[in-house]
Amino acid sequence: MIDLKYLQNNFEEASARLQKKGVESETLERLKTLFAELKDANAQLEAAKAEQNSMSKLFGQYKREGKDVTELKSKVDANKEAMVPLQERAREAEAALYELALAIPNFPDEDVPVGADEEDNVELRRVLEPRSFDFEPLEHWALAEKNGWIDFERGVKLAKSRFAVLRGDAARLERALINFFLDTNRQKGFEELCVPFMNNAQMLQGTGQLPKFEDDLFKIEDEDLYLIPTAEVPLTNMYHDEILPEKELPVLMTGYTPCFRKEAGSAGRDTRGMIRQHQFDKVEMVAIAHPDKSDEVFEMMVENASDILTALGLPHRVVELCTGDLGFSAARTIDLEVWLPGQNKYREISSISNTRDFQARRAKIRFKDGKKNRLVHTLNGSALAVGRTLIAIMENYQNADGSIEIPEVLKRYM
RNA sequence: AGGCAGGUGGCCGAGUGGUCGAAGGCGCACGACUGGAACUCGUGUAGGGUGAAUAGCCCUCGAGGGUUCGAAUCCCUUCCUGCCUGCCA
């Protein structure tokens, strides 16, 4: 959630920043009004409560002293009745404010390139030359069929469309990648965690998936549980409603989880192959950082993900997302896009974001700064998306006969 | 899943209708004592909202609702923990 006090006190500036992310200025006006309304309603209610509290104390005192309370009782009763509409007003003001506030995206950082959509993203650098083929490289689904690696039909039979089954060496490669990623992250100082794959609504609100993006989530029937769309949710919320000692920052965490997404807005996109599935494996990095140090941590995370791709010999490029392509919670995001020779395209394989204090405010994650409690910065990034790495290996390491080499660094995991 | 017992500050633990955001202890921080330390003594030590405020005021004793002038304390719902039974990897 954005800082409402900041919005109130620096409305023009805040409004300009959020317009870059597509938020209407009218919406922000309304938010500001609701915030003022809540403050006013609370001020009145609290004054009445203070009156009520002091009269109640008097009441007790009179009783002890054996005084007559009839007159006091009628005063206190009258005040209580007068409080009812104030209470109602405060309650409504709060509900209206939070309904709107929770749906407002994060401010982009000042230096994020302004743009409308992914066309306006900025390529920062390329790492490794794509190899040249003396034959026409195949797309991963064709290779999957030749090698018997991916059973799309049976995935659909077992579940529904956009589910697949990995078989034989593909399944082993998937497992090898997970281990390779976790080991690498651990060497960089990330603690490895194995977390629940279902989280409750409060956690999903903490990281920003709820309430706005409920349609993208698989919900468990009759339970306050959702299948996680990314390990960012459980890892970041590890410290939900906690206050960390400053010396523990940054907290670096990594974990493997499957991720579950309805892909509600993606009908018709990437229907062929395994690029976009309802379930996929991912190894995630999450950092809880001191607000003054989160930029350093961010750079480290980008570097780490890029190094992993390099170690695998996968050509990729580093792309800074423009304001229009930034996710809901992100202040800044860098995507790593891996080269897919079969598709003849760079495709997203990792996304690393600094959410600043946006998630921290929602999830109430703070640290002790001297005597005061301050919000931390939270960061997350894939290192890496496993299924897409598998695809990238297939396409980049294919031979003319359709067979696939195993990258050197993975051999000890197979 | 059923039965019983519980959920109070960083931790332990008292509190069964008012003077309780809460005794006492532990831990922690600072100060005194010391050559330095331990011990001892003193002081301080929950979170959030509003406020310029380290002032007042409001909210929070798992969560939500209710009774009452007044709720940590009574009632309802719900979540969680422990033990027993059932089930299961």
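Remember, predicted model here, so these are calculated numbers, not experimental data. Sequence lines set the chain letters: A, B, ... in the order given, protein chains first and strands last, and positions in each chain run from 1.
The side chain of A:S56 has B:C69 as its nearest neighbour among B:U50, B:C69, B:G47. Side chain of A:Q52, nearest nucleotide from B:U50, B:G70, B:C58: B:G70. With B:G51, B:G48, B:G18 as the candidates, the nucleotide lying closest to the side chain of A:K39 is B:G51. With B:G51, B:G18, B:C58 as the choices, the nucleotide that has an atom nearest any side-chain atom of A:R64 turns out to be B:G18. In this structure, of B:C59, B:G18, B:G47, it is B:C59 that holds the atom nearest to the side chain of A:K49.
Enclosure of atom CD in A:Q8 by more than 12 non-hydrogen atoms of other residues, nucleotides or ligands within 6.0 angstrom is indicated.
Between A:L38 atom CG and B:G51 atom P the separation is 11 Å, expressed in whole Å. Here B:U50 presents its P atom at 14 Å from CG of A:D40, a figure rounded to the nearest Å. What separates NE2 of A:H240 from P of B:G47 is a distance of 17 Å, to the nearest Å. If you measure from atom CG of A:D224 to atom P of B:U77, you get 20 Å, rounded to the nearest angstrom. The CD-C1' distance, from A:E242 to B:G10, rounds to 11 Å in whole Å. Rounded to an integer number of Å, the gap from CE of A:M55 to P of B:C69 is 12 Å. A:E51 places its CD atom 15 Å from the C1' atom of B:G56, with the value rounded to the nearest Å. What separates NZ of A:K364 from P of B:G49 is a distance of 11 Å, to the nearest Å.
Counting only distance, with no hydrogens or angles, the side chain of A:N147 and the backbone of A:W149 share no donor-acceptor pair below 3.5 Å. Judged by distance alone, with hydrogens and angles left aside, the side-chain atoms of A:R261 form no donor-acceptor pair with the main-chain N or O of A:L217 at under 3.5 Å. At least one donor-acceptor pair closer than 3.5 Å links the side chain of A:N237 to the backbone N or O of A:M203. The backbone N or O of A:P113 sits nowhere less than 3.5 Å from a side-chain atom of A:E320 that would complete a donor-acceptor pair.
Look at B:C61: it lacks any Watson-Crick or wobble partner with both distances under 3.5 angstrom. Using the Watson-Crick or G-U wobble rule with both distances under 3.5 Å, B:C88 pairs with nothing in any strand shown. Pairing for B:C28 goes to B:G44, judged as Watson-Crick or G-U wobble with the two contacts each under 3.5 Å.
Distances shown here put every side-chain N or O of A:K5 at or beyond 4.0 Å from the OP1 or OP2 atom of B:G49. Distances shorter than 4.0 Å separate none of the side-chain N or O atoms of A:N53 from OP1 or OP2 on B:C69. When the side-chain nitrogen and oxygen atoms of A:K371 are compared with OP1 and OP2 of B:U45, none of them lie within a distance under 4.0 Å. Distances shown here put every side-chain N or O of A:K368 at or beyond 4.0 Å from the OP1 or OP2 atom of B:A46. Within the structure, a side-chain polar atom (N or O) of A:K73 is placed less than 4.0 Å from OP1 or OP2 of B:C69. Within the 4.0 Å cut-off from OP1 or OP2 of B:C69, not a single side-chain nitrogen or oxygen of A:N79 is found. The shortest distance between the side-chain N/O atoms of A:K80 and the OP1/OP2 oxygens of B:G70 is below 4.0 Å.
Residue-level contact check: A:A43 touches neither bases nor backbone, having no heavy atom under 4.0 Å from any strand.
Taking the C1' atoms as reference points, B:U16 lies 28 Å from B:C84, given to the whole Å. Straight-line distance between the P atoms of B:A29 and B:A38: roughly 11 Å, to the nearest whole Å. B:A37 and B:A32 have their P atoms separated by 11 Å, given to the nearest Å. On the P atoms, B:U73 is 10 Å away from B:U60, given to the nearest whole Å. If you take atom C1' in B:A72 and the same atom in B:G6, they sit 15 Å apart, rounded to whole Å. For the P atoms, the distance linking B:U67 with B:G10 amounts to 31 Å, nearest Å. Comparing the C1' positions of B:U8 and B:A22 gives a spacing of 8 Å, expressed to the nearest Å. Using C1' as the reference atom, B:A89 and B:C83 are 22 Å apart when rounded to the nearest Å.
Centroid-to-centroid, the aromatic rings of A:H290 and A:F367 come within less than 6.0 Å. Taking the six-membered ring wherever Trp is involved, the centroid distance between the rings of A:Y6 and A:F107 falls below 6.0 Å.
Between the side chain of A:E46 and the base of B:G49 there is at least one donor-acceptor pair of N/O atoms closer than 3.5 Å.
Each of A:F35 and A:G60 lies near RNA chain B, and the nucleotide nearest A:G60 is the one positioned closer to the 5' end. Each of A:I243 and A:F59 was matched to the nucleotide of RNA chain B holding its nearest heavy atom; the match closer to the 5' end belongs to A:I243.
Looking at A:E192 and A:T254, their side chains never bring a donor and an acceptor atom within 3.5 Å of each other.
By the rule that a glycosidic angle within 90° of 0 means syn, B:G51 counts as syn.
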